[in-house]
Amino acid sequence: MSPYACNGATVFVAAKGSANARLAATRRQMTAAQQSGKSEMKPTSFDPANHRMVPEQRWFENFSLGMRFVLTSRTMTEAIFLAFQAASGDNHPVHYDVEYCRARDMPHMLAHGLQTLIQTAPGAGLFPYLIEDSLGGFLEQSSRFHKPVFVGDTLYPMLEVTELTPRRTTGVVGLSSTVHNQRRELVLDGNMRFVIRNQVPEATER
């Protein structure tokens with residue numbers, strides 16, 4: 001430490017060389033601790049392949065007519081409208097200008113039909129997690145729009161297995177989709193079809 005006078009008081013300041021030496025020593029200690037920690041680390045039983053929402057996978061033969069998959073309910077907020085605008089590029093004022101809508105006797109901004117449709121995305125439920133190993137492809141989708149959806153409406157989507165068409169090594173699983181609002185009105189229905197593989201018995205796997 002080296003002293004100097006400040007307003008009659010003696011102030012001690014650490015010498016620069018001494019401070020640097022302590023800093024270097026601290027760094028050496030931290031490096032040694034890190035290296036010691038690495039040497040003590042042991043492999044665990046964790047396997048990324050088993051990090052799944054649904055561990056048990058399903059194949060075509062595991063599905064049956066009438067199976068239902070509840071999707072997350074969601075209130076259509078203005079933030080969701082803006083997010084859809086950004087993703088779709090659709091800038092028509094009927095979807096994003098409340099005064100434009102009110103001038104045309106609508107209570108609020110009108111949801112784009114595709115904004116309602118995407119509420120039936122299977123990933124909002126468990127279906128795609130069940131077929132991570134068996135999914136062969138997404139064939140088609142169709143939908144019909146029955147009621148308008150406005151800001152503030154809450155939507156309740158549902159998927160149900162309504163088709164099982166077997167093939168040689170795969171099958172087609174058809175899902176009907178429905179979306180109801182908080183008034184229990186059907187606002188959308190439709191269908192989507194997927195190719196799902198059959199499960200190969202272990203004894204015949206190559």
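The structure presented is a predicted model; accordingly, all values stated were derived computationally and were not measured. All values below were derived from every heavy atom in this structure, side-chain atoms included, with hydrogens, water molecules and symmetry-related copies excluded.
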* Min side-chain heavy-atom separation His112-Val94 under 4.5 Å -> no
* Does Arg68 offer a backbone N or O that forms a donor-acceptor pair with the side chain of Glu160 under 3.5 Å? -> no
* To do: Work out which heavy atom in Arg52 is nearest to a heavy atom in Pro55; give both atom names and the distance.
  => NH1-O, 4.1 Å
* Asked: Quick one: does Gln119's side chain have a donor or acceptor within less than 3.5 Å of a partner on Tyr156's backbone?
  -> no
* May I ask you to list the residues sharing a hydrophobic cluster with Val187, side-chain cutoff 4.5 Å, ordered by chain and number? => Met76, Ile80, Phe81, Phe84, Tyr96, Val98, Met109, Leu114, Leu117, Ile118, Phe145, Val149, Val151, Leu155, Val179, Leu188
* To do: May I ask you to test the Thr154-Asn181 pair for a side-chain heavy-atom distance under 4.5 Å?
  => no
* State whether a side-chain donor-acceptor pair under 3.5 Å links Thr165 with Glu163. => yes
* Hey, could you give me the CG/CG distance between Asn191 and Leu139, rounded to the nearest 0.5 Å? => 12.5 Å
* Arg184 atom CZ, over 12 foreign heavy atoms within 6.0 Å -> no
* To do: Please answer whether the main-chain N or O of Pro128 pairs with a side-chain N or O of Glu132 as donor and acceptor at a distance below 3.5 Å.
  => no
* **Residues Asp153 and Lys147 bridged, charged N to O under 4.0 Å** => no
* **Arg102, CZ: over 12 other non-hydrogen atoms inside 6.0 angstrom** => yes
* Residues Gln85 and Asp90: side-chain donor-acceptor under 3.5 angstrom -> no
* Transitive ILVMFWY cluster of Leu126 at side-chain heavy atoms under 4.5 Å: who else is in it? -> Met53, Val54, Phe60, Phe63, Leu65, Met67, Phe69, Leu71, Phe127, Tyr129, Leu130, Ile131, Leu135, Phe138, Leu159, Val161, Leu164, Val173, Leu175, Met192, Phe194, Ile196
* Asked: Looking only at atom types and distance, does a side-chain atom of Ser177 sit under 3.5 Å from a main-chain N or O of Asp189, one as donor and one as acceptor?
  -> no
* To do: State, yes or no, whether a side-chain contact exists between His108 and Glu78 at a heavy-atom distance under 4.5 Å.
  => yes
* Walk me through it: do Arg193 and Gln141 pass the test side-chain contact (heavy atoms from CB on, under 4.5 Å)? => CA-CA 7 Å; Arg193 303 172 78 228; Gln141 186 279 332; over 6 Å; no
* Asked: Would a distance-only check, ignoring hydrogens and angles, find a side-chain to backbone donor-acceptor pair under 3.5 Å from Gln57 to Asp133?
  -> yes
* Asked: Leu110 and His95: which non-hydrogen atoms are nearest, and at how many Å?
  -> O-ND1, 2.8 Å
* Within the side chain of Arg104, is there an N or O that forms a donor-acceptor pair under 3.5 Å with the backbone of Tyr100? -> yes
